[in-house]
Amino acid sequence: MSKPSLARGTRDFGPEQMVKRTFIFDTIRRSFQRYGFQPLETPAFENLSVLMGKYGDEGDQLLFKLLNSGDFSGKLTDADWHAGYKPLTSKISEKGLRYDLTVPFARYVVMNRGTLVMPFKRYQIQPVWRADRPQKGRYREFYQCDADVVGTESLLCEAEIVLLLHDILPQLGIEDFTVKINNRKILTGIADMIGAHGQEGTLCVAIDKLDKIGKGKVIDELRERNFSEESIALLDPVFSLTGGENPFADLRTWLATSEIGLKGIDELEQVWQMVDALGLKNARIQFDVTLARGLSYYTGAIFEVKANNVQIGSICGGGRYDNLTGTFGVPGISGVGISFGVDRIYDVMEELNLFPENQTISTKVMISNFDQQAFQYGLSILPKLREAGINTEMYPDSVKLKKQLDYADRKNIPFVILIGSDEISTGQLTLKNMKTGEQQKGTVEELIAVVQ
RNA sequence: GAGGUUGUAGCUCAGUCGGUUAGAGCGCUAGAUUGUGGUUCUAGAGGUCGCGGGUUCGAGACCCGUCUCCCUCCCCA
């Protein structure tokens, strides 16, 4: 018999952690609703045909796949076993755990497009699973809180996402954060400009490391990735753009011949203007040409939020995807969304000590349990307290009072009602304040008034 | 997927050069206190030293494998 253990990269959430997590969920949900988003839930697992190919090759690798039920290997031939794991997987697994909430949402939109009110704004708060290697801030099961709008290309949606971020994070006590914004169209434009059409993905992965490893090593990496010397030379101005005073103007001059690049800049500038018109003060937004994001479905704006002064990955991420529903046979539905990573937000709040105090009290009154007679009496008053809206519990066993009080103490229950033979005969119960140790007598009704 | 690191009581950790019965603090249980928690004192319980194999007269310690924790890269929330 082996000791029980948790599956790698997963965690339990005890009562005190759940109080904190619920606080985060409630805060996010409230704000989502205030911005007009409606709730949606989708299944934990989907057909692999829905999930595969949406996240790039890396993403496909990280999908948890479910073995087919029953005799999954019965019809396999020797040739199947030796064909390699990829062809084999398709023969023994046809379902997988969801990797994010956006793709299941796209499937839902396609399946229900006839009845949805467009533009459709939905929020979704559910766990997702990734077969990643766990490390700090990285789990194999974690919650995402997504808000997406589909059915409109209006940049108001992007601007509202910026507002939403500035609404929710400070409510959680996270004041020092940076919303990095870029646009895939700009990246496409840059790749075109330097004659590396379609290579913006690898280009960005390299540029993204600029502040980490420096310009020289970025260029080394680009050479390794088969970028020509001409391309690298042409790219030079981009390195100086990242910290410029007026990055849009500089970039506009440089990208003057790239239609798509200019469109990306236009879009971003409009978002900036709208955010301003919405009256956002102290906007913590920053244009970052090097922001790439690996999810292959993004086509327009890209967002990423970093909590400053905390060593952890991004706590929110999102962007616009013009053709996600296209892979399900319905092109032309543009969408944009943002995802809050609750587990990382939790870690940030824990590290910065941002959780409100005194969130753990749930029971307010405990009724003691001396003996059979007192127990019967307790049963009669227990519902009265609850009807008065007071969280109440009765100690279930007639054990020593010391033990009962110790239980109340450790559970942070502020009041205990003591019932013994004296109390039963006079109807005057004893209320003990666990914080001060003071005791007072009174009828049930009087004590309820005191506790309320 | 690549690299590094860790694992001893419920928790945090000692354990010397390979040597007799593996320790501490906290926590837990009971009592001091027959109707009163937190403080104090006393006593007690609690271990397959991650798992499997090997070296040795002898392994918690050394070697190999494996799993796990944490971390870096990749990628991501």
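Treat the numbers as computed from the prediction; the structure is a model and nothing was measured. Reminder, nothing fancy here: chain letters follow the sequence lines and each chain counts from 1.
When the C1' atom is compared between B:C71 and B:G53, the two are found 29 Å apart, to the nearest whole Å. With both ends at atom P, the span from B:G25 to B:C63 equals 32 Å, rounded to whole Å. The same atom, C1', is picked in B:G1 and in B:C62; the two are 32 Å apart, to the nearest Å. Using atom P as the reference point in both B:G52 and B:U34, the two lie 49 Å apart (nearest Å). On the P atoms, B:G37 is 14 Å away from B:A30, given to the nearest whole Å. To the nearest whole angstrom, the two C1' atoms, one in B:A77 and one in B:U8, are 36 Å apart. Rounded to a whole angstrom, the distance from the P atom of B:A14 to that of B:U72 is 22 Å. Nucleotides B:C11 and B:G27 place their P atoms 15 Å apart, quoted to the nearest Å.
A:Y139 comes within 4.0 angstrom of a nucleotide base, judged by non-hydrogen atoms across all strands. Among the atoms of the strands shown, none is found under 4.0 Å from any heavy atom of A:G318. Here A:G59 lies out of heavy-atom contact (under 4.0 Å) with every strand. The residue A:S398 sits apart from the nucleic acid: no heavy atom pair falls under 4.0 Å. Among the atoms of the strands shown, none is found under 4.0 Å from any heavy atom of A:D343. Across all strands shown, A:K435 has heavy atoms under 4.0 Å from base atoms, whether or not it also approaches the sugar-phosphate.
Between A:K432 atom NZ and B:G38 atom P the separation is 10 Å, expressed in whole Å. Distance CG (A:D132) to P (B:C73): 13 Å, rounded to an integer number of Å. Remark: C1' of B:U34 and CZ of A:F370 are 12 Å apart, rounded to the nearest angstrom. With rounding to whole Å, A:N433 atom CG is found 12 Å from B:G37 atom C1'. As a whole-Å value, the separation of A:L418 CG from B:U36 P is 10 Å. One can place CG of A:L401 at 17 Å from C1' of B:G31, the figure rounded to the nearest angstrom. In this entry the distance linking CG of A:D347 with P of B:C76 reads 20 Å, nearest Å. Between the CD atom of A:Q61 and the C1' atom of B:C74 there is a distance of 13 Å, given to the nearest Å.
For A:R130, the listed nucleotide lying nearest its side chain is B:C76; candidates were B:U72, B:C76, B:G37. Each of B:G37, B:A77, B:A2 was ranked by its minimum atom distance to the side chain of A:M434; first place goes to B:G37. Of the candidate nucleotides B:G35, B:C71, B:A77, B:A77 has the atom nearest to the side chain of A:S314. Taking only side-chain atoms of A:Q439, from C-beta outward, the nucleotide of B:U36, B:G35, B:G37 with the closest atom is B:U36. Taking the side chain of A:L405 as heavy atoms from C-beta on, and the options B:A30, B:U36, B:G38, the nearest nucleotide is B:U36. With distances taken from any side-chain atom of A:E423 to the nucleotides B:G35, B:C76, B:G1, the minimum falls on B:G35.
Across all strands shown, the partner of B:U29 is B:A43, judged by Watson-Crick or G-U wobble contacts whose two distances both fall under 3.5 Å. Under the Watson-Crick or G-U wobble criterion, with both distances below 3.5 Å, B:C62 is paired with B:G54.
When the side-chain nitrogen and oxygen atoms of A:K400 are compared with OP1 and OP2 of B:G37, none of them lie within a distance under 4.0 Å. In this structure, A:R138 does not reach the B:C73 phosphate: none of its side-chain N or O atoms is under 4.0 Å from OP1 or OP2. Between A:R8 and B:C69 there is a side-chain N or O to OP1 or OP2 distance below 4.0 Å. For A:Q135 and B:U72, the shortest distance from a side-chain N or O to OP1 or OP2 is below 4.0 Å.
With no hydrogens or angles considered, no side-chain donor-acceptor pair links A:Q440 and A:T430 at under 3.5 Å. Under the 3.5 Å distance criterion, with hydrogens and angles disregarded, a donor-acceptor pair is assigned to the side chains of A:Y407 and A:K411. No side-chain N or O of A:N391 forms a donor-acceptor pair with one of A:S362 less than 3.5 Å apart.
A donor N or O paired with an acceptor N or O is not found under 3.5 Å between the base of B:U36 and the side-chain atoms of A:K402. Residue side chain A:R133 reaches the base of B:G3 through a donor-acceptor N/O pair under 3.5 Å, judged by distance alone. The base of B:G37 sits within donor-acceptor range of the side chain of A:D409, with an N or O pair under 3.5 Å.
Proximity of a side-chain donor or acceptor of A:D60 to a complementary backbone N or O of A:M52 within less than 3.5 Å is not detected. Judged by distance alone, the side chain of A:R98 and the main-chain N or O of A:P43 form a donor-acceptor pair under 3.5 Å. Checked by atom type and distance alone, the side chain of A:T10 never pairs as donor or acceptor with a backbone atom of A:L6 at under 3.5 Å.
Aromatic ring centres of A:Y346 and A:F13 lie farther apart than the 6.0 Å criterion allows.
Between A:Y321 and A:Y298, the ring planes are tilted. Angles from 30° to 60° get that label.
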